[in-house]
Student: 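Structure provided below as structure tokens; questions to follow.
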Amino acid sequence: LSDLATRALISAYLDMRRMGSGGGGNNGTRTISATPRQLESLIRLSEALAKMRYNLVVTRLDVKEAVRLMKVATQTAATDPRTGRIDMDMIATGRSKVNREMEEALNLSLKELLSERRGNRMAVSDVRRQLSEIMNLTTVQPNDVTEALRRMEADSLIQFNE
């Protein structure tokens, strides 16, 4: 690593850390915070870019391109396809915050509905229809209801027969 490349790496890493700590004006939303692992990735990417040019020394331009590649890759991985917004839950959990909150609301509404109907059998279509009314949605997806019911059965809260 050249001296300029080392300084560029340190500067880029500190900038990424600052952005993640709230210094980037993130309005209370979760943002990317650089970790030592990201720094190591930046170093490896920079070295690989230098090798691609058959150069033994990593330059500041290699670091600049490595930072650009990391930002693009992280942005792509963290973008919620439903909203088009960057959502760090996509990286952390594989699900967007919107999907996770909808699932939690569905589970809560389902538990309330079933507690009111304790001991009575219900068809899945009736459960779906009543959940749509409770949650003020046009329709609740059949797969979402089935998955929620299966989770409740796995927790021994209900008996579920399709």
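All values reported here derive from a predicted model rather than from experimental measurement.
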Student: Just checking, any donor-acceptor pair under 3.5 angstrom between side chains of Asp62 and Thr59?
Tutor: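 Note: Asp62 and Thr59 side chains meet the donor-acceptor criterion.
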Student: As an exercise, state the distance from OG1 of Thr6 to CG of Leu1, rounded to the nearest 0.5 Å.
Tutor: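 Rounded to the nearest 0.5 Å, the OG1-CG separation comes out at 4.5 Å.
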Student: Let me have the donor-acceptor pairs involving side chains of residues 108-116, under 3.5 Å, with sequence neighbours excluded, atom names and distances please.
Tutor:
residue	atom	partner	partner atom	Å
Ser109	OG	Ala105	O	3.0
Ser115	OG	Lys111	O	3.3
Ser115	OG	Glu112	O	2.8

Student: Does Ser41 reach the main-chain N or O of Arg37 with its side chain, forming a donor-acceptor pair under 3.5 Å?
Tutor: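 Such a contact is found between Ser41 side chain and Arg37 backbone.
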Student: Verify, without hydrogens or angle tests, whether Asn55 (side chain) and Val57 (backbone) share a donor-acceptor contact under 3.5 angstrom.
Tutor: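 Yes; judged by distance alone, with no hydrogens or angles, the pair exists.
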Student: Would Glu65 and Arg68 pass as an ion pair if we require N to O under 4.0 Å?
Tutor: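 Yes, charged N to carboxylate O under 4.0 Å.
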Student: Taking all atoms of both residues into account, what is the closest heavy-atom pair of Met70 and Gln38, and its distance?
Tutor: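 It is CE-O, 3.5 Å.
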Student: Check the hydrophobic clustering (I, L, V, M, F, W, Y; side-chain heavy atoms under 4.5 Å; chains of links allowed) and say if Leu42 and Val58 are grouped together.
Tutor: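 They do share one cluster, since a chain of ILVMFWY contacts under 4.5 Å joins Leu42 to Val58.
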Student: Any link between Val145 and Ile134 through a network of hydrophobic side chains (Ile, Leu, Val, Met, Phe, Trp, Tyr) touching at under 4.5 Å?
Tutor: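 Linked, Val145 and Ile134 end up in one cluster.
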Student: Output the distance between atom NZ (Lys64) and atom OG (Ser11), rounded to the nearest 0.5 Å.
Tutor: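 Nearest 0.5 Å value for the NZ-OG distance: 12.0 Å.
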Student: Are Leu131 and Met152 linked, directly or through other ILVMFWY residues, by side chains that come within less than 4.5 angstrom of each other?
Tutor: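 Hydrophobic grouping puts Leu131 with Met152.
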Student: Rounded at 0.5 Å granularity, tell me how far CD1 in Ile158 sits from CZ in Arg121.
Tutor: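 The distance works out to 12.0 Å.
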Student: For the residue pair Arg151 and Glu103, establish whether any side-chain heavy-atom pair is separated by less than 4.5 Å.
Tutor: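 With C-beta onward as the side chain, the pair touches.
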Student: List the steps and the verdict of salt bridge (Lys or Arg N to Asp or Glu O under 4.0 Å) for Glu47 and Lys51.
Tutor: CA-CA 6 Å; Glu47 290 172 342; Lys51 287 179 184 178; 5.7 Å; no
Student: When you group the ILVMFWY residues by side-chain heavy-atom contacts below 4.5 Å and let the links chain together, are Leu49 and Ile10 in the same group?
Tutor: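 Different clusters: Ile10 never reaches Leu49 through Ile, Leu, Val, Met, Phe, Trp or Tyr contacts under 4.5 Å.
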Student: Calculate, to the nearest 0.5 Å, the distance between atoms CD and OG1 belonging to Glu153 and Thr146 respectively.
Tutor: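 Atom-to-atom, Glu153:CD and Thr146:OG1 are 11.5 Å apart.
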Student: Give me the atom names and distance for the closest heavy-atom approach of Val63 to Ala5.
Tutor: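 That closest heavy-atom pairing would be CG2-O, 3.6 Å.
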Student: Same cluster for Val67 and Leu9 if Ile/Leu/Val/Met/Phe/Trp/Tyr side chains link at under 4.5 Å?
Tutor: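 Yes, Val67 and Leu9 fall within the same hydrophobic cluster.
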Student: Would you find a donor on one side and an acceptor on the other, under 3.5 Å apart, between the side chain of Ser46 and the backbone of Ala66?
Tutor: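 No; judged by distance alone, with no hydrogens or angles, the pair does not exist.
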Student: Rounded to the nearest 0.5 Å, how far apart are CG of Asn107 and CD of Glu104?
Tutor: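 It comes to 8.0 Å.
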Student: Take a 6.0 Å sphere around CZ of Arg60 and say whether it holds more than 12 heavy atoms from other residues, nucleotides or ligands.
Tutor: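 No - once you tally the heavy atoms of other residues, nucleotides and ligands closer than 6.0 Å, there are 12 at most.
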